[in-house]
Amino acid sequence: MSTQIKPDPKTKNRSSGERHAYTGPGMIATGEATALLPTETTPPIKVFGTESIRETFDDLCLQQAVNSRLAPGVTDLVLNPDAHCGYGAPVGCVMVSPTHIYPGPVGVDIKCSMSLLQLDLPAEAIEDRKVRRQLISAICQRTPTGAGKGQRSAVKSRHVNRTLGKQLVVEGASDDVCKALGIPTNWAHRCEDSFHVGHDETADALESRLETLLHRRDMTNFTDKMQQLGSYGGGNHFGECEVVEVGDNDRAREVAETFGLHDGKVAFLSHCGSRGFGHILASGQFKSLQTKFDQWGIPLPAGDRQLVYAPLGSGEANDYIDDMSLGANFATVNHLLINALVLEAFQEVFPGVKGNLVYFISHNIARKEIVDDRPAWVHRKGATRAIPGGHHSLRETPFAKSGHPILLPGNPCDGSAVMVADEGAAASCYSVNHGAGRVLGRRHAKRVLDQTTVDSEFESNDVLSNCRKYPIDEAPAAYKDFNEVLRSVKSAGLASEVARLKARFVIKDASKADD
DNA sequence: ATGTCC
């Protein structure tokens with residue numbers, strides 16, 4: 001019986017565009033979870049998606065999932081409902097290996113993440129569109145959007161000099177770094193990871209790796225890159241003002257209280273990563289490893305250059321882990337500073353208003369976790385960690401009993417969600433999706449979607465934006481049906497909804513909207 | 001995603 005989709009290098013860089021809910025031999029359906037590719041020696045890929053969600057997986061996405069599953073040292077592969085084509089591995093997958101590290105399934109934006117700030121401000125306070133316009137202006141003055149954009153003059157008091165830059169990429173959100181940047185130090189307790197260490201589990205390894213990197217030609221602008229701290233960047237990154245709607249059941253209300261979420265109040269959701277600094281590190285690693293594969297003549301997994309890897313313990317693996325951690329530390333401090341600046345912007349419009357970080361959690365990172373009783377690197381590429389209450393790894397956190405917050409951006413018109421993991425999440429390597437997931441490529445979206453329709457959808461939902469023209473490749477219709485994605489997660493027993501977030505205004509990079 | 005091609 002043929003149960004495999006054979007990896008075909010010829011198709012790796014293009015999509016046929018065909019979509020089908022794969023139901024052929026080899027697919028196991030258990031509730032809404034299904035599996036691809038079981039053989040006697042290879043456990044299946046676990047696919048989480050309702051039938052209509054599985055129709056959104058195109059050929060290339062499934063091919064990338066199979067390629068990743070069959071790559072050296074990989075013991076588990078999970079495909080989430082928001083999955084779509086990525087860099088070697090699909091965006092929306094979890095790849096586990098106890099023996100190898102893979103840069104592709106972390107991606108070019110190291111530690112791209114979500115964070116949520118809860119404000120002590122009733123929804124009615126921002127009902128007036130003029131007030132929301134003031135907030136948009138105050139926020140854009142402090143946290144700019146767009147590629148290459150760095151700090152605005154309004155945040156001079158939080159200037160990042162070279163010494164502080166070096167300290168923050170090595171230490172992450174340490175007390176000293178937080179104090180130097182005006183970030184409340186207790187926010188570090190509301191991070192999935194407030195800092196990352198080097199390959200030997202110490203910060204010393206990062207310090208010495210950084211010294212090496214600073215001699216590299218592409219790192220001569222290190223100090224400039226540190227000026228991007230507190231900025232969003234472009235693409236799918238955004239800031240979004242929300243109204244919290246806690247779910248109408250006892251568990252949601254109880255968990256929301258632990259999370260510090262307040263029904264009917266204003267919150268602010270942010271999506272960004274490690275900016276130019278992370279990009280230099282990630283692209284440097286791809287180039288370096290690809291060159292070594294060429295020199296050594298080692299076969300690439302499925303012939304795909306984007307699936308280069310390094311065996312743990314090798315100098316290459318150590319360097320990758322160190323570079324990833326340096327980038328991750330930048331992303332962490334970037335998010336916390338953005339939240340501090342957004343709070344400052346709210347205080348400009350509403351003097352004295354208080355705000356607290358609900359959580360900061362990544363969807364592009366490899367973490368060392370215990371899987372099947374042994375340490376393994378869990379690569380989450382467009383996937384969010386989902387650990388339920390009572391799990392040993394949450395013991396020292398404010399979420400030991402409840403499980404930690406899971407922050408899932410949907411779209412500005414249908415809303416976003418805060419979830420909490422259920423016991424069933426063990427089946428997905430303690431992971432869920434990272435959002436809605438693309439259903440149209442950027443070029444495709446620009447061809448088939450209409451600006452007027454997008455604008456009127458925002459208007460009818462009374463969602464404002466800083467953009468004169470909202471980027472059409474970021475329109476809600478370019479993404480999957482968020483409710484169907486959430487249904488996939490809930491019906492598979494992975495996580496439950498705690499709250500919905502209803503957008504009131506969006507901050508995005510519109511500099512490419514006229515392309 | 002991105003000093004959007006060193």
Side-chain angles (χ1 to χ4, degrees), chain A residues 13 64 82-93 102-115 143-151 160 162 165 169 213-239 270-288 290-291 305-306 323-324 326-328 330-332 334-335 338 362-366 379-384 409 434-438 440-443 445-446 471-474 478-479 507-515:
Chain A
N13 285 323
Q64 288 184 332
D82 55 342
H84 55 97
C85 300
Y87 192 89
V91 175
C93 83
Y102 280 79
V106 171
V108 289
D109 189 7
I110 294 167
K111 208 179 180 187
C112 188
S113 311
M114 302 302 305
S115 55
T143 60
T145 59
K149 292 291 195 306
Q151 284 192 324
V160 186
R162 188 176 178 86
V169 299
L213 286 170
L214 289 173
H215 288 95
R216 222 165 66 181
R217 272 178 61 194
D218 60 352
M219 275 291 174
T220 51
N221 55 4
F222 172 79
T223 309
D224 293 342
K225 291 292 153 226
M226 291 302 112
Q227 303 316 305
Q228 294 185 333
L229 207 73
S231 66
Y232 278 107
N236 60 7
H237 291 172
F238 66 85
S270 295
H271 177 207
C272 64
S274 48
R275 307 288 283 104
F277 181 61
H279 182 254
I280 294 169
L281 293 166
S283 56
Q285 281 292 336
F286 281 119
K287 266 177 263 173
S288 154
Q290 285 163 352
T291 303
R305 295 177 67 74
Q306 301 178 344
D323 287 7
M324 180 187 74
L326 290 164
F330 182 92
T332 303
N334 188 30
H335 261 268
I338 281 175
S362 181
H363 48 243
N364 280 4
I365 193 75
H379 305 68
R380 293 193 177 88
K381 172 62 207 172
T384 314
H434 78 308
R438 275 196 171 278
L440 299 177
R442 290 188 185 279
R443 212 176 303 171
K446 284 178 191 165
I472 204 147
D473 50 341
E474 284 295 319
Y479 287 87
I507 312 282
K508 292 259 323 168
D509 172 31
S511 61
K512 291 198 295 185
D514 288 317
D515 289 357

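Values below: every heavy atom of this structure, side chains too, minus hydrogens, waters and symmetry copies. Lettering of chains follows the sequences in order, A, B, ..., and the numbering in each one begins at 1.
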Legend entry - Value in whole Å for how far the P atom of B:dT2 lies from NZ of A:Lys111: 17 Å
Legend entry - Comparing A:Gly234 and A:Lys287 on DNA chain B - which has the more 5′ nearest nucleotide: A:Gly234
Legend entry - Donor-acceptor contact present, side-chain A:Thr143 to main-chain A:Ile338, <3.5 Å: no
Provide a list of protein-nucleic acid N or O atom pairs under 3.5 angstrom, restricted to nucleotides 3-5 of chain B.
from	atom 1	to	atom 2	distance (Å)
B:dG3	OP2	A:Gln228	OE1	3.4
B:dG3	OP2	A:Gln228	NE2	3.1
B:dG3	OP2	A:Gly276	N	3.3
B:dG3	N7	A:Asn221	ND2	3.0
B:dT4	O2	A:Lys512	NZ	3.2

Legend entry - Under 3.5 Å side-chain donor-acceptor pair for A:Gln64 and A:Tyr87: no
Inset, instruction - Go through the structure and list residues passing side-chain contact (heavy atoms from CB on, under 4.5 Å) with A:Ala366, not counting sequence neighbours. - result: A:Ile101, A:Val106, A:Met324, A:Trp377, A:His379
Legend entry - Between A:His434 and A:His271, a side-chain donor and acceptor under 3.5 Å: no
Legend entry - Qualifying residues under salt bridge (charged side-chain N to carboxylate O under 4.0 Å, His left out), relative to A:Arg162, sequence neighbours excluded: none
Inset, instruction - Classify the nucleic acid contact of A:Gly233 as base, sugar-phosphate or nothing, counting any heavy atom under 4.0 Å across all strands shown. - result: sugar-phosphate
